[in-house]
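Just so it is clear: chains get the letters A, B, ... in the order the sequence lines come, proteins before strands, and each one is counted from 1.
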Amino acid sequence: MGQQTISDDARLHSAVEPTSSGYETLVQMNDDGLYVLSVLVSGVHCAGCIQKIESSLSQQPDIRGVRLNFSTRRLALEWEGAAEQANGYVAIIEALGYSVQPYDIDVEKSELFKEERFLLLCLGVAGFAMGNVMLLSVGLWSTTTETMGIATRDFMHWVSALIALPTILFSGRPFFRSAIKALSAGHTNMDVPISLALVLAGGMSLFETINHGEHVYFDSAVMLIFFLLIGRYLDFRARKNARSTATNLLSSLSGFANVVGSHKNSGDTSRILIRDLEEGMIVRVAAGEKFPIDGVIIDGESDIDTSLVTGETMPRTAVMGAEIFAGTLNLSAPVTIKVAAAAEDSLLADIVRLMEKAGQGQAQYVRLADRAARLYTPVVHSCAALAFIGWWIIGGLVWQDALMVSITVLIITCPCALGLAVPVVQVLATGRLMREGILVKSGDALERLSNIDTVIFDKTGTLTLGQPTLDGGYDDEALKMAASLTVYSAHPLSRALSDAYDGALHDVSNVEEISGKGLCADYNGQPIKIGSRAWCGDVDAPQSKALELWLNIAGQSPVVFRFIDHIHKDAAEVIDKFMKNGIDVVMLSGDRQAVADDIARQCGISKVYAEQTPTQKYDVLEGFKRAGHKVLMVGDGLNDAPVLAGADVSFAPGTAIDMAQNAADVVFMGGKLQPVYAAYKVATLTQKLVKQNFALAVLYNMIAVPLALAGFVTPLIAAVAMSGSSLIVIANSFRLRFSA
Amino acid sequence: MNILIYLIPIALLLGLLGLAAFAWSLKSGQYDDLEGAAQRILMDDDDVSEPEDVR
């Protein structure tokens with residue numbers, strides 16, 4: 001695309017729909033005197049998107065730097081000139097078809113972000129140290145003291161100490177910190193024996209080196225850190241995108257609103273951040289825009305798509321004085337609303353709060369790995385203590401030698417394999433699901449998924465396609481006429497009709513959309529109408545449950561078009577599969593009882609909760625959880641968001657609103673329901689492999705611990721045993737790749 | 001065995017150079033967008049300007 005066309009598009013775009021202004025307030029200046037702006041770009045999903053955005057922007061004359069971070073969807077812009085150019089750049093991105101939101105710069109400075117770099121640095125240092133210490137150790141293992149001489153051996157021990165001790169202090173910090181935190185809180189975790197083993201191995205080896213001893217365990221200590229950090233890093237990455245926090249959710253409140261003159265009686269509009277809106281302000285909302293805030297209509301009338309809040313498929317007509325909720329979509333005409341409550345008091349904010357509450361309940365889940373760690377710690381510590389006391393008192397060794405044996409027990413039981421058992425399988429499983437278009441956001445989601453006994457489906461947009469489609473066959477000429485009108489409207493039924501027709505259109509003139517009624521226009525001097533039954537249809541025709549549009553051409557009898565919200569083709573099949581696995585299936589909908597019952601019957605669901613508000617939906621979930629059920633929620637709307645956040649595990653389709661996608665553990669693409677079941681299958685397989693890995697780790701310990709207790713373990717045996725067990729666990733995890 | 005007096009420090013120095021390079025690449029943000037890096041391989045041309053200092 002050339003530069004000319006893009007800027008033309010942008011100008012046209014901003015003239016029609018001035019959504020991209022106000023960004024100049026977010027622009028900062030960096031050290032080089034360039035203006036910088038960070039925005040969140042949604043809708044980016046492939047290399048093509050990155051390239052399209054980056055190259056269109058970098059062709060602008062003043063731009064000095066463009067970089068889109070694919071993982072965080074953050075676009076960093078640098079330019080010289082004026083701060084106001086920011087709006088133009090945003091308009092360019094929007095003209096390309098991506099939506100832009102202000103970016104919260106604090107995310108970059110967050111703990112999570114630092115933590116990842118810290119872990120990677122520790123891992124890098126440990127890797128360097130392991131390579132070099134091993135190099136020396138191989139020399140030590142492959143010769144004897146007699147051929148090498150004591151001086152050379154001690155020299156190599158000292159070099160190893162020089163590398164290993166700083167590494168233990170530097171790279172061991174993630175374990176030390178967590179161990180100290182656990183101990184000061186009065187309980188133990190897996191990191192306590194790890195830290196103890198690291199400190200003791202380092203200390204004892206240093207002691208041996210000083211005293212010209214034969215065995216040092218620097219290599220084991222460093223290898224331990226390296227393997228454990230790999231596990232820790234993989235685990236961290238898998239969990240990084242875990243449940244989004246309130247800050248992330250509130251981003252839907254972080255756009256701009258067009259405020260008219262506010263209190264000062266001037267007619268100008270100004271762009272104000274949504275979170276700065278106050279009660280009583282006057283906000284203008286264009287057709288096609290989302291209502292930024294709860295309010296009351298004071299001017300104009302329009303059709304409102306409330307499906308995000310109530311789950312209802314059909315838009316409702318809102319006239320003067322009607323209440324409007326934040327997050328609903330203004331379909332047909334511009335309206336002016338008076339703000340009823342500040343952003344943090346809106347229904348949207350209520351939902352956010354409900355989600356925070358739900359998220360807190362979630363944190364109580366204890367992962368399998370942590371449960372294993374609780375068992376592991378006391379066992380290992382008593383083994384080591386037993387070895388010390390046994391050899392010292394009963395075996396008659398001097399206490400230094402007895403301590404040696406006890407420390408080797410600690411080193412050799414160190415849970416390399418245990419630390420890798422879960423993260424490796426999870427990373428492989430999420431990678432495999434990713435290739436199938438299923439995005440798993442939190443690592444332990446798969447573990448929770450494998451334990452479910454109840455599935456709750458939302459209706460609109462989840463079991464159904466979420467949009468009405470034309471049903472049945474129609475006369476070509478009538479369809480052509482109807483489509484010629486409906487292309488002028490954004491109403492869901494109009495769009496469905498336009499989508500169903502593929503061909504040349506009639507040339508109609510004077511098209512006018514009448515809110516709540518339909519469209520009218522002139523064709524060859526004749527008035528034609530399309531719209532509701534009451535307005536232009538045959539009032540006496542038999543009623544049907546389907547949604548209707550009536551086409552009325554003057555002098556002809558009206559023609560009816562029927563629409564239904566189709567259910568997914570594979571819905572019944574997927575639900576049947578879940579039921580065959582002994583899992584209860586429930587439907588939860590904000591729509592009317594009759595509609596919900598009808599869909600449920602087609603899918604084969606017997607338990608239906610209809611006409612539920614977001615709060616009621618959440619209560620239904622709480623009911624299930626109180627009864628001891630483990631619940632999987634599948635939903636796509638704003639009204640489902642609290643339930644998604646509160647469920648044991650949750651799925652949202654890729655077509656869901658951002659907030660639902662944020663709240664869900666798993667997002668699946670492809671417009672089918674089948675991925676939900678596929679993910680469940682992979683999750684159960686993952687859990688099976690994790691358990692096998694644990695068994696392998698235990699088996700390894702059952703062989704290694706008696707050897708260590710008997711005092712047979714040398715540094716070589718420790719190194720082989722530890723790396724061997726880790727490799728076996730990794731190899732077993734890779735079976736996930738090959739099984740169906 | 002005297003050769004070890006030279007060789008071991010040299011080996012360590014080379015290793016440390018590698019470590020320093022890793023620390024630098026980490027600090028300059030090269031590991032911040034691993035997914036994006038994987039996607040960027042697929043781009044056809046190289047006309048996208050690379051900012052030097054976008055943190």
Side-chain angles (χ1 to χ4, degrees), chain A residues 30-32 34 36 38 44-55 57-59 63-78 108-109 113 116-118 120-121 123-125 127-129 131-133 135-136 139 147-149 151-152 155-156 159-160 162-163 237 434, chain B:
Chain A
N30 72 3
D31 304 338
D32 302 333
L34 295 174
V36 285
S38 287
V44 179
H45 50 72
C46 66
C49 303
I50 303 179
Q51 192 173 24
K52 217 156 77 179
I53 293 172
E54 286 187 351
S55 60
L57 284 169
S58 60
Q59 281 163 1
I63 287 279
R64 290 295 166 265
V66 194
R67 187 80 179 179
L68 181 66
N69 186 320
F70 189 73
S71 317
T72 59
R73 306 290 191 264
R74 166 182 177 260
L75 177 74
L77 276 175
E78 292 180 337
E108 293 285 282
K109 294 172 184 131
F113 189 75
E116 181 168 6
R117 281 196 176 180
F118 174 65
L120 261 180
L121 189 63
L123 185 63
V125 170
F128 154 78
N132 286 281
V133 172
L135 210 63
L136 298 166
T147 49
M148 183 163 45
T152 311
F155 172 68
M156 287 167 80
V159 176
S160 302
L162 195 73
I163 305 166
R237 275 189 60 104
M434 178 98 86
Chain B
M1 286 295 175
N2 284 340
I3 191 81
L4 288 180
I5 305 283
Y6 305 105
L7 285 185
I8 288 178
I10 290 173
L12 281 182
L13 190 75
L14 289 175
L16 275 174
L17 274 178
L19 185 63
F22 172 73
W24 168 80
S25 64
L26 184 65
K27 200 158 188 292
S28 66
Q30 298 187 22
Y31 297 87
D32 289 352
D33 186 19
L34 295 175
E35 261 175 81
Q39 296 278 347
R40 277 168 202 276
I41 304 171
L42 304 173
M43 291 189 185
D44 292 335
D45 45 35
D46 300 318
D47 65 354
V48 175
S49 74
E50 299 273 318
E52 283 162 26
D53 188 36
V54 176
R55 270 177 293 266

Given a strict heavy-atom distance threshold of 4.5 Å, which part of A:Leu162 is in contact with chain B: side chain, backbone, both, or neither? neither

Heavy atoms, side chains only, cut-off 4.5 Å: are B:Trp24 and B:Gln30 in contact? yes

Locate the shortest heavy-atom distance separating A:Phe128 from B:Leu16; write the atom from each residue and the value. CE1-N, 3.4 Å

Straight-line distance of A:Leu68 CG to B:Gln39 CD, nearest 0.5 Å: 11.0 Å

Output for pair (A:Cys49 SG, A:Glu54 CD), nearest 0.5 Å, gives 11.5 Å

Give the member of B:Leu19, B:Leu42, B:Ile41 that has the highest number of heavy-atom pairs under 4.5 Å with chain A. B:Leu19

Taking only heavy atoms into account, what residues of residues 8-15 of chain B are found under 4.5 Å from chain A? B:Ile8, B:Ala11, B:Leu12, B:Gly15

In terms of heavy-atom contacts, B:Lys27 and A:Arg117 come closest through O-NH1, 3.4 Å

In terms of heavy-atom pairs under 4.5 Å, which option from A:Leu34, A:Asn132, A:Leu135 contacts chain B the most? A:Asn132

Is A:Val125 close to chain B through its backbone or its side chain, or both, or neither, when contacts mean heavy atoms under 4.5 Å? both

For the CG atom of A:Asp32 and the CZ atom of A:Arg64, what is their distance to the nearest 0.5 Å? 12.0 Å

What heavy-atom pair brings A:Leu120 and B:Tyr31 nearest, and what distance separates the two atoms? CD1-CB, 3.8 Å

Looking only at heavy atoms, what is the nearest atom pair of A:Ile63 and A:Leu57, with distance? CG1-O, 3.3 Å

What part of A:Leu136 is in contact with chain B, defined as an atom under 4.5 angstrom from a non-hydrogen atom: side chain, backbone, both or neither? side chain

